[in-house]
Each structure stands twice: as C-alpha cells, then as structure tokens.
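Excluded from the calculations below are hydrogen atoms, water molecules and symmetry mates; all remaining heavy atoms, backbone and side chain alike, are included. Here the structure is a predicted model, which is why all the values come from computation and not from measurement.
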Amino acid sequence: FYEYDRGAMVVRGEDLTPFVRVTLAHELTHALDDQHFGLDREELEDDSEAEFGFLVLGEGSAEYVASQLAPINTSPSAFESSTGSSNRAT
C-alpha cells in the first residue's frame, strides 16, 4: 500500500508474482498521482463528500492502470510460468 502522508510504499512478500505486479502497478499509480497532484489535501478534510470524491478519483486512476496490466499478468498460463505450479484442481 502507498502512504501518501509519508510518501512511502509498503510491499509484502518476496516473490514478484503476476498478482503482485498488478498490485504494484496500482500502488505506483498512487505514488505518481501524489507526486503530480498531491493526494493529502487538507482543504478537503472538512468536506466529507469532496474528500470521498477525491479518494474515488485516485482509486479509479490506480484501478485503470492495474486493469491494463491484469489481463497480461493474471492469466492461468502467466501464473503457472511465474510459480512453476498450476492453480487448477486436479
């Protein structure tokens, strides 16, 4: 996850699986949005509707970027090739 107040990203795990790649793309988008637009908006703290709208805008941006990567990296064949195993029941 990305902590905009610290400007830090926390990533769990050691393997860069297809699913981690998609999550990383999502979180890196938050970091870039924060760098360019500033996600910590004190002026929105007193207006919950505006604050929520701003939050949704940021999440939409990150989800869009992640969705562009997901079909490539989350197919069964991508999962199998990155882990050496299958996620299918036998």
message: Minimum heavy-atom separation for Gly58 and Asp33, please, with both atom names.
response: O-OD2, 4.2 Å
message: To check you understand the geometry: which heavy-atom pair defines the closest contact between Ala66 and His26, and what is its length?
response: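 Smallest interatomic distance, heavy atoms only, reads CB-CB, 4.0 Å.
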- request: Can you measure from OG1 (Thr29) to CG (Asp34) and round to the nearest 0.5 angstrom?
  value: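 One gets 12.5 Å once the value is rounded to the nearest 0.5 Å.
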query: Roughly how far apart are Gln35 CD and Leu28 CG, rounded to 0.5 Å?
result: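 Output value for this atom pair is 11.0 Å.
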query: Are Val65 and Val22 connected in a single hydrophobic cluster, I mean Ile/Leu/Val/Met/Phe/Trp/Tyr linked by side-chain heavy atoms less than 4.5 Å apart?
result: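 No, it is not one cluster - the side chains of Val22 and Val65 are not joined through contacts under 4.5 Å.
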- prompt: Quick one: do Leu16 and Met9 end up in the same hydrophobic cluster if we chain Ile, Leu, Val, Met, Phe, Trp and Tyr together by side-chain heavy atoms under 4.5 Å apart?
  reply: yes
Non-neighbouring partners of Thr23 that pass side chain to side chain contact (heavy atoms under 4.5 Å, CB included), sequence neighbours left out: Glu27
